[in-house]
Structures are given as structure tokens and as C-alpha cells.
Amino acid sequence: LVKITINGQEMQVPETITILEAANRANIRIPTLCHLDLHDLKLVNKTASCRVCTVELKGRNSLVPACVTQVDEGMIIRTDSHRAINARRIAVELLLSNHPNECFTCPKNLECELQALAKELGVREIKWHGEKMHYDKDLSSDAIVKDPNKCIMCRRCETMCNEIQTCGILSAMGRGFKAIVGPAFNIPMKDSSCTYCGQCVAVCPTAALTEVNHTDKVWEALSDPDKHVVVQVAPAIRVAIGELFGMEPGTIVTGKLATALKNMGFDAVFDTDFAADLTIMEEASELIHRIEHGGKLPILTSCCPAWVKFIEHQFPELLDVPSTCKSPHIMLGVIAKTYYAEKIGIDPDKIVVVSVMPCIAKKAEAARPELTKDYHNNVDIVVTTREFAAMLKEAGIDFKNLPDSDFDNPLGESTGASVIFGTTGGVIEAAVRTAYEWMTGEELKDVELHQLRGMEGIREGTVKIKEMDIKIGIAHGLGNARKLLEDIRDGKSHYHAIEIMACPGGCIGGGGQPYHHGNEEIVRKRQQAIYNEDRNKALRKSHENPEILKLYKEYLGEPYGEKAHDLLHTHYEA
Ligand code: HC1
Ligand code: SF4
């Protein structure tokens, strides 16, 4: 331990910590910008490039960045001296001198950390007017917009993409004023091996990285009298969107969502949860089929499109391992344009399917050639939780005070098994609930498989089904996924089934969710809410969903049968 004094307060702290950590322990706020410390992920971005955390060391007459300066015996720190505050303000003013002045029209307006700091530090004018960066925006992809003009070189995205996701797409190029972050040789994002997981977007403090905005497309469809506009919401939306309307993280707003969508004028308000149940019918069948017929094991879940891209780019030799199931929202799109279209007697070409997703990669997934060529473009438009909340605000909907209502049928009924899709471990837990009962013919009494739950990056569990020990692996975050995939490639994997989600936490931590600004507690609260929603459901196993059973009886035939294959399964390409 060393003795330090911080703003006149004496304290003893371990000598290994930084001034910033010491200040946190003393409840003294030092503003930061490039710094990011995600404890659960063991991610620390320590570039010290912005100097917004500058503090003064008395006695040594120096200014230092708190985020990288370790404490030292006898250190006397002032975070609140005029000199320190002034240095911090100058750091922000300098960043602003080379930043577009377009806050009014910026996608991050009022969500931007640089803008918030300008306010906090009392910046009232931009004192320096010199050369500014001028780069074209990268609009090449269906998912992510990269605007280097707004990059402040904090390199949080780079740390996230390289260390946590191990994708290695983003890195700094050039020197000094000409330095930017982008894919190697600054090729367009669409030509890189980006998975569109959106975790770089989730940690970008400004609007240098944002999702492609598709809200206008939704408004256009809604105003077209010839279109029948169907909307679906993902499991993870209902536990997160409330945050954007001032509600506590972890508030469940399922009923309000259904009401809001009806008020906006959608012709049918469906639930991706319905299709998650459908996915389980197919995926559990596929698992059992592979076990009983000596098929490829382990089977990997396939509902996360960023993870699918990752395996296509990074492990092309393993493309026969993932389940062939389309992801739930794509399945819902197909069923809406076939079964539902027939039921209500409407030309499927008139149906527009809109998916509200916590995910940026879903935008790129919906545009994949093999998912757009049949069934009239499975899903037409994808908007993120953030985009959808913005639409509600544009429409003047008082979301917080809306009454509850139900989703429409036939594609609105769901079980607890489908809700847990929204968190890491949930898809495989849902699959086990069904596979267990199908394989044993017995009731699974305790449906909560706690051994599969949690936030550890890689987890495993064993479920006894008949005489077999079914070994299950779970990974979230692509770096963790990589480890499990390397084991499969090297013949060292002992699992029967693996669930992988690209985003830390699963969909609840998706790249399109409300920004949590480094507060991981928020993601944990969303996870708790997911499990609570499951507990509140009357039915908790996918194969008990009456509307799903009806769909097979009236239309699809057998799970994993010919028609189901045709409509609900896909293939992967390197
Ligand atoms: Fe997900 Fe899925 S769980 S992938 O995170 O399988 O996005 O919520 O909708 O499709 O159900 C996302 C969430 C979502 C699909 C389902
Ligand atoms: Fe990397 Fe994911 Fe961002 Fe692509 S979307 S650059 S893979 S972090």
C-alpha cells in the first residue's frame, strides 16, 4: 500500500493502481474519453490519447493523465485545481477544433461522449481554427457507417475488435494529423472480413461508427397503402428499450411494445419469440438427428449472424458444423410471406417484413443473397433498438405511459424458452428443454438449467438425457468463440452442442442496443429481466407453443421434414 492525498483527502491504496482508479475509490470523478474499462470482458483501453483525464501533481509541478499514471508514495493529486481543469478543457477544445460542427444532425446527438464532455467542462467557444480532416464516409456496407471525420483516435473500437472479438478489422493507420482508424489499406468495410457484430459501434464515443439508418424505409412502407407491413420484435428488445424512455435498466416492456407498434400503424404486430420457438423445433430435431445418425458433432447454434460471418471468414473448413437453421427473425419473415400470406389471402409481394433487432449484423444478414432470393425477400427492413426508439419519439408516442397489449396471432404466441434466446446460454437452454422431452418421452420438471447460465465468457454443462451425457459448451464474444472453434478444428472438442453469440452477454448486449457507456451492470439487469420474463410465462418449452403446433399441422408437416427444410434452413459460404 502507498499513502496518497487526493483533493486533500488522505488514503492508502495498492501501489499497482492508477490515479483514476484511486479517484474512483474516493468517489471523485475524473472525466475520461478514450479510457474504457469493461471488467467482465477484461477489456481496458489505455491509449491515453485524449488527455481528458489530466490531473495535477502538486510538489512535482506536473500534469499527468490519470488513466495511465500509477500512484506513488506521497503523491499529492489535485483533480480540481484550475490548472487541471483548464488542461482538460483545452484537450477537449483541441479535439473539437478538428471535429465537424454538426451536432444538430449527428446520429449521436445527445448520446455523444465528446459533446457531453464539452458541456461538462464548460467549453464555450472553439478557439482554434486550422486545417480539418476531410474523409469520405464509408457507406459500403448494409450495416455500419464509418465516418473518419468524427474519429477522435481513442481506439476503443480497435481494442474491442482486436482483443475481444479477435477480428482484427480496425486498426490505426497513418501518422499525426493524418492518422485514422479503419480496415487494412483503408479498404471499404464491405470488402473486409468484418462480421458486423457492431461491438465497435457500441463502444465508439462519437459517431465515427454508427449503424446504417433504415428508419425512413420503415416510414415509407407504413405510408404506402399498397403494402401490408408486418413487424416483429426480438427477445432482447423488451428488456432494454425502456432505458431510452427513462425507465430503469431491466424493466420489461413487452406489452407496451405491442401497443406502440399498433399505434404506429403496422398491419400485423408479431413476435420474433414465436419464431425462436420454431427455431427450437428445427434445431432440437437437427441435434437429435445428428446424435442418432452419427452426424457431425458438435452442432453449433446459427441464429447469430455476426457469428455466422465469423465462421465463414475465419474457419471456412468448419462450415458443416453449424446448424442449418435460419435465424428466428428470418424464419418469421418466410412464414409471414407464405403461411400467413395464404391465411389472410394477400399477395406476398405486398408484404413488407420489418425486424426490430438489438443487432447491427441482422441488417447485413437480411441482405444476404441466399436469404433474399426466395420467399419474396425473407425480411425487408431491419432497425435496431436505438433506431426504433427514435421512431417512437418522432411519432410522439408516450411510450412510458402506454397500456399493455398482446401481439397479433398467428405469429405472436411464444413460450419462455424463446424469451431466453436474448441472453447468452438461452438458445441452448431452450433447445435442451425440448430435446430432453423428445428423447426421453418424459417431462423435464425443472426447466431452469442454471449450470448453463451466467456471464463467464466460456461456460459448459452436462445434461443427462437417457443414458447419454450431453455435453454443452457456450461462448459469447467472438474471441471466446474462436477458442471453441480451434478445439473443433484440432479434433479436441468434447461437446455435443455449442451455443455461440458474437456479442458479450448475447443479444442483450447487442451492437444496436441502448448505449451502456461502459456500465456493465446494465447488461446484467437486462439478463435478469430475460429470466424473469421466462418465469412469468405459462408455457416454457417451445414444443408446447400451440400456434407452432398448428403451423406444423396446417402447413409445414414434420419438424425437420421436407417443407421445413425448404423454408427454414439455409447454407453457409466461405
Ligand atoms: Fe437475438 Fe435471435 S436471440 S439472434 O440476439 O436467435 O438480434 O434478441 O432476435 O433472429 O429470437 C437478436 C435477440 C433475436 C433471432 C431470436
Ligand atoms: Fe470489428 Fe465487429 Fe466492428 Fe466489424 S463490427 S469492425 S468485426 S468490432
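Hydrogens, waters and symmetry mates are skipped; everything else that's a heavy atom, side chains included, is used. Positions are given from 1 along the sequence. Order of appearance sets the numbers: ligands from 1, and atoms from 1 within every ligand.
Scanning the protein for heavy atoms near atom 16 (C) of ligand 1, the closest one is Pro328 CG, 3.4 Å. Looking at atom 4 (S) of ligand 1, its nearest protein heavy atom turns out to be Lys362 NZ, 3.3 Å. Counting only heavy atoms of the protein, atom 9 (O) of ligand 1 lies nearest to Ala234 CB, 3.0 Å.
For residue Cys507, an N/O/S atom approaches atom 1 (Fe) of ligand 1 to within less than 2.8 Å. Residue Cys157: no N/O/S atom is found under 2.8 Å from atom 3 (Fe) of ligand 2.
Distances from ligand 1 to the non-hydrogen atoms of Pro358 include at least one value under 4.0 Å.
Side chain of Thr47 to main chain of Cys154: a donor-acceptor pair is present (N/O by atom type, distance under 3.5 Å, no hydrogens or angles). In terms of modelled atom types and a separation under 3.5 Å, the side chain of Asp534 and the main chain of Ile420 share no donor-acceptor contact. Gln527 contributes a side-chain N or O that, together with a main-chain N or O of Gly454, makes up a donor-acceptor pair within less than 3.5 Å.
The N/O atoms of Ala236, backbone and side chain alike, include one that comes under 3.5 Å of an N/O atom in ligand 1.
Counting heavy atoms under 4.0 Å from ligand 2, residue Cys167 touches it through the side chain alone. By the criterion of a heavy-atom distance under 4.0 Å, both the backbone and the side chain of Thr195 are placed next to ligand 2. Contact annotation: for His329 versus ligand 1, heavy atoms closer than 4.0 Å belong to both the backbone and the side chain. Contacts between Ile144 and ligand 2 below 4.0 angstrom, taking non-hydrogen atoms only, involve the side chain exclusively.
Between Glu544 and Lys537 there is no salt bridge, since no side-chain nitrogen of the basic residue lies less than 4.0 Å from a carboxylate oxygen of the acidic one. One finds a salt bridge joining Glu448 and Arg540 here, because a Lys/Arg side-chain nitrogen approaches an Asp/Glu carboxylate oxygen to under 4.0 Å. Note on Lys525 versus Glu243: no salt bridge recorded, every NZ/NE/NH1/NH2 to OD/OE distance being 4.0 Å or above.
Below 4.0 Å from some heavy atom of Cys359 lie the following atoms of ligand 1, by number and element: 7 (O). Listed by atom number, the atoms of ligand 1 under 4.0 Å from Met357 heavy atoms are 7 (O), 9 (O).
Residues Tyr340 and Phe270 bring their aromatic ring centres within 6.0 Å.
Residue Glu317 qualifies as enclosed at atom CD: its count of foreign heavy atoms under 6.0 Å is above 12.
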